[in-house]
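Any value given below was found using the heavy atoms of this structure, including those in side chains, with hydrogens, waters and symmetry copies removed. The structure presented is a predicted model; accordingly, all values stated were derived computationally and were not measured.
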Amino acid sequence: MGIYLNPGSELFKEALRSEIYVDKTGLIACTNKVLGTMQKYVCVSRPRRFGKSLAAQMLAAYYGFGIDSGELFQGLEIAGHPSFKEHRNRYHVLFLNIQDFLSRVENARDMVSCLQEIVVRELREQFPGLISESENYLATALEQIYGETKRGFVVIIDEWDCIFRVSKDDMETQKAYLDFLRALLKDRAYVRLAYMTGILPVKKYGTHSALNMFDEYSMMNPGMLAQYVGFTEEEVKQLCQKYHMDFWESRRWYDGYQFRKIAHVYSPKSVVDAMLREEFDNYWSQTETYEALKIYIDMNFDGLKDTIITMLGGIRCKVNPRTFQNDMTTFQGKDDVLTLLVHLGYLAYDIERKEVFIPNQEVEYEFASAIQGAGWKEVVNAIESSEELLNATLRKDGESVANGLNEYHREAASVLAYNNENSLSCAVSLAYFSAREYYTVVREMPAGKGFADLVFLPRRNHLDKPALVVELKWDKSVQGAIDQIRNREYVKSLADYAGKLLLVGINYDKENKEHQCLIEEKDI
């Protein structure tokens with residue numbers, strides 16, 4: 001075993017020895033399927049905390065020549081697959097962590113030459129007599145080894161995109177790096193599988209789309225790898241049962257990502273931390289800071305600020321991801337920024353509707369911190385005063401609620417104009433921001449003979465609070481809003497709820513630019 005050539009299985013063993021290990025070895029069946037085919041180029045992009053490196057270490061343990069990892073995988077999903085024995089430990093694995101090599105040089109431009117020098121030196125030691133002392137070109141060295149041994153290589157490149165994140169503006173260095181990867185991997189007989197992981201998909205560079213042979217599996221569309229992106233709902237349910245944790249709280253904090261074939265995808269590192277610490281909290285800040293988010297949401301693109309505020313109000317927003325160049329500097333408009341935030345895990349993406357949204361409470365808190373740091377005074381004030389607005393609602397003080405909404409609207413009018421009931425709904429939802437701590441908030445909830453605008457259902461540990469059904473009107477009347485709740489039997493949607501219910505009617509008068517609010521109580 002070497003450092004870069006056939007590094008063995010020790011890192012994967014660490015994962016198996018950990019208190020929590022969720023079996024994702026089914027991924028190996030997917031890579032076995034494309035191994036040695038025209039589809040052997042796989043680029044997996046996911047945010048931090050989503051297990052990219054662990055998956056790469058697992059593949060190294062499975063494919064690596066010179067060891068027998070059969071016992072290591074016994075009892076795991078892949079062991080029952082027909083291809084398990086066929087490819088196990090049959091290939092030389094070349095494992096390159098680009099971040100490791102980048103940290104060894106003062107200038108990113110020297111990274112490729114440093115990498116080749118170090119790796120070729122190890123190859124020369126492992127295969128004496130096959131590589132000349134003067135050869136420092138990695139692709140040539142691999143060709144010579146393959147020509148003599150006829151044993152193919154599985155090339156695993158972890159953190160492949162870090163050079164685009166560290167040297168954001170150094171285009172020449174980026175292009176030179178892409179040329180190196182193309183020369184190393186494209187049309188090379190020694191490559192049986194090329195598996196790259198990173199946060200960003202393959203960089204687009206016009207004619208320098210050097211790695212266009214790769215199939216991309218990203219947060220926008222992970223395809224056949226969807227179930228290996230994060231934890232599935234069933235996996236989280238099993239963990240909650242084992243650790244006596246509330247599954248519904250897990251969903252609120254860490255769920256929200258979704259793909260075509262997987263409706264609920266959870267942030268895995270956060271779930272593990274919550275289980276081990278026996279506490280639901282924001283664990284995002286252990287690997288990210290709100291400053292990373294602040295940089296992007298504070299960019300001066302038309303409509304970006306409005307879109308962020310709209311999503312904080314619980315509304316999804318349309319996005320066109322096609323113009324994104326898969327880097328962290330080339331932005332043509334707000335859609336490119338929003339697409340990057342999907343890849344970074346700050347937003348989730350609905351591929352069917354082409355919409356982005358804030359996935360869960362953990363990420364929502366990051367946005368709240370970021371906008372405070374960005375100086376969005378009007379939104380910060382609304383969030384800070386939202387607890388007072390909720391308390392006024394629970395007191396059935398309609399006048400105070402109306403006054404609070406009036407004040408918020410005056411402050412936020414410059415960034416969130418009232419154009420229709422949808423914008424009113426967004427504003428009201430944001431004004432009740434603190435309610436999300438105690439309630440599950442459902443927009444456009446199917447109810448009785450229509451859809452209730454906003455329904456606030458008490459969370460399991462806050463059942464002492466009443467449920468709220470909020471009906472919004474535009475240039476009508478608050479009494480009409482209350483009557484609609486009753487006449488359309490919205491209350492029937494709460495058949496499983498027993499307790500107090502507040503009917504909240506809110507109307508916005510466009511002419512005098514003021515809100516009215518009427519609150520009535522009902523037992524169900």
Side-chain angles (χ1 to χ4, degrees), residues 1-32 35 42 44 46 48-81 83-104 114-115 118-128 138 142 145 149 151-160 162 191-198 225 228 230-231 268-269 272-273 275-276 286-287:
M1 292 191 301
I3 298 174
Y4 307 105
L5 178 70
N6 299 322
S9 59
E10 286 305 312
L11 292 176
F12 184 55
K13 285 179 181 177
E14 285 186 8
L16 294 177
R17 288 195 295 264
S18 299
E19 182 172 338
I20 294 179
Y21 172 74
V22 174
D23 185 359
K24 294 292 183 179
T25 58
L27 171 66
I28 297 173
C30 296
T31 55
N32 282 347
L35 192 141
V42 177
V44 174
R46 302 175 193 163
R48 291 187 178 92
R49 309 162 306 281
F50 274 74
K52 300 184 298 296
S53 296
L54 174 57
Q57 294 157 6
M58 175 186 71
L59 294 177
Y62 172 76
Y63 288 115
F65 183 67
I67 63 172
D68 184 356
S69 61
E71 185 175 346
L72 194 64
F73 288 95
Q74 288 305 312
L76 300 177
E77 180 183 349
I78 187 58
H81 196 272
S83 68
F84 175 60
K85 293 182 179 179
E86 179 183 358
H87 298 293
R88 190 186 75 232
N89 306 127
R90 299 293 177 90
Y91 307 93
H92 289 304
V93 168
L94 186 65
F95 195 109
L96 307 175
N97 185 316
I98 302 302
Q99 182 67 59
D100 175 48
F101 291 104
L102 196 57
S103 67
R104 296 173 181 230
C114 172
L115 182 156
I118 292 173
V119 176
V120 171
R121 183 190 308 139
E122 180 177 309
L123 293 176
R124 192 180 292 115
E125 294 172 354
Q126 295 289 327
F127 298 96
L138 181 55
L142 295 177
I145 294 170
T149 66
R151 189 176 296 278
F153 282 80
V154 170
V155 181
I156 300 174
I157 302 179
D158 198 14
E159 299 281 359
W160 90 272
C162 65
V191 176
R192 289 293 182 267
L193 174 70
Y195 184 91
M196 299 199 311
T197 76
L225 304 186
Y228 308 113
F231 288 171
K269 179 65 165 60
V272 169
D273 286 344
M275 298 299 117
L276 295 180
Q286 294 181 13
T287 52

Enquirer: Show your working on side chain to side chain contact (heavy atoms under 4.5 Å, CB included) between Val44 and Val42 and close with a plain yes or no.
Expert: CA-CA 6 Å; Val44 174; Val42 177; 3.8 Å; yes
Enquirer: Would Asn32 and Tyr62 count as a side chain to side chain contact (heavy atoms under 4.5 Å, CB included) here? Give the steps.
Expert: CA-CA 11 Å; Asn32 282 347; Tyr62 172 76; 3.2 Å; yes
Enquirer: If you count the non-hydrogen atoms of other residues, nucleotides and ligands that lie under 6.0 Å from CD in Gln74, is the total more than 12?
Expert: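 More than 12 heavy atoms, drawn from other residues, nucleotides or ligands, come within 6.0 Å of this atom.
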Enquirer: With a 4.5 Å heavy-atom cut-off, do Ile28 and Met58 have their side chains touching?
Expert: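 Yes. Closest side-chain heavy atoms under 4.5 Å.
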Enquirer: Which pair of non-hydrogen atoms, one from Gly230 and one from Lys24, has the smallest distance, and what is that distance?
Expert: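 Heavy atoms only, the tightest pair is O-NZ, 2.8 Å.
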Enquirer: Is there side-chain contact between Thr31 and Tyr195, with heavy atoms separated by less than 4.5 Å?
Expert: yes
Enquirer: Output side-chain donor-acceptor pairs under 3.5 Å for residues 2-13, partner residues at least two apart or in another chain, one line each.
Expert:
residue: Tyr4; atom: OH; partner: Arg104; partner atom: NH2; Å: 3.1
residue: Asn6; atom: OD1; partner: Phe65; partner atom: N; Å: 3.4
residue: Asn6; atom: OD1; partner: Val93; partner atom: N; Å: 2.7
residue: Asn6; atom: ND2; partner: His92; partner atom: ND1; Å: 3.1
residue: Glu10; atom: OE2; partner: Lys13; partner atom: NZ; Å: 3.4

Enquirer: Locate the shortest heavy-atom distance separating Ile98 from Trp160; write the atom from each residue and the value.
Expert: CG1-CA, 4.0 Å
Enquirer: Please check if the side chain of Thr25 supplies one atom and the backbone of Leu76 the other of a donor-acceptor pair under 3.5 Å.
Expert: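 No: the side chain of Thr25 does not pair with the backbone of Leu76.
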Enquirer: Are Leu94 and Leu138 close enough that some pair of their side-chain heavy atoms sits under 4.5 Å apart?
Expert: yes
Enquirer: Any idea which heavy atoms bring Ala15 and Leu54 closest together, and the distance?
Expert: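 Distance-wise, the nearest heavy atoms are CB-CD1, 3.3 Å.
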Enquirer: Rounded to the nearest 0.5 Å, how far apart are CD of Glu159 and CZ of Phe101?
Expert: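 Those atoms lie 13.0 Å apart.
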Enquirer: Apply side chain to side chain contact (heavy atoms under 4.5 Å, CB included) to Ile157 and Asn97, showing your working.
Expert: CA-CA 6 Å; Ile157 302 179; Asn97 185 316; over 6 Å; no
Enquirer: What is the distance from atom CG of Asp158 to atom OG1 of Thr197, rounded to the nearest 0.5 Å?
Expert: 3.5 Å
Enquirer: Is there a donor-acceptor contact under 3.5 Å linking the side chains of Tyr63 and Ser69?
Expert: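 No, Ser69 and Tyr63 have no side-chain donor paired with an acceptor closer than 3.5 Å.
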Enquirer: Grab the two heavy atoms, one from Asp68 and one from Gly70, that are nearest each other, plus how far apart they are.
Expert: OD1-N, 3.0 Å
Enquirer: Check whether any side-chain heavy atom of Phe153 lies under 4.5 Å from a side-chain heavy atom of Val191, and answer yes or no.
Expert: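 The answer is no; the side chains never approach within 4.5 Å.
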Enquirer: So, taking the atom named CZ in Phe95 and the one named CD1 in Ile156, what distance separates them when rounded to the nearest 0.5 Å?
Expert: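 Going from CZ on Phe95 over to CD1 on Ile156, the span is 6.0 Å.
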Enquirer: Nearest 0.5 Å, what's the CD-OG distance between Gln99 and Ser53?
Expert: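 Going from CD on Gln99 over to OG on Ser53, the span is 10.0 Å.
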Enquirer: Is the shortest heavy-atom distance from the side chain of Ile118 to the side chain of Cys114 under 4.5 Å?
Expert: yes
Enquirer: Hey, does the Lys NZ or Arg CZ of Arg88 hover above the aromatic six-ring of Phe84, less than 6.0 Å from the centre and inside 45° of the axis?
Expert: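 Output yes; distance and angle both within limits.
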Enquirer: Carefully, step by step, assess Leu115 and Leu102 under the rule side chain to side chain contact (heavy atoms under 4.5 Å, CB included).
Expert: CA-CA 9 Å; Leu115 182 156; Leu102 196 57; over 6 Å; no
Enquirer: Please find the pair of heavy atoms, one from Leu72 and one from Ala61, that lie closest to each other, and give the distance.
Expert: CD2-CB, 4.3 Å
Enquirer: So, the side chain of Lys52 versus the backbone of Arg46: is there a donor-acceptor pair under 3.5 Å, distance only?
Expert: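 Yes.
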Enquirer: Testing the basics here: between Lys85 and Arg90, what is the closest heavy-atom pair and its distance to 0.1 Å?
Expert: O-NH2, 3.7 Å
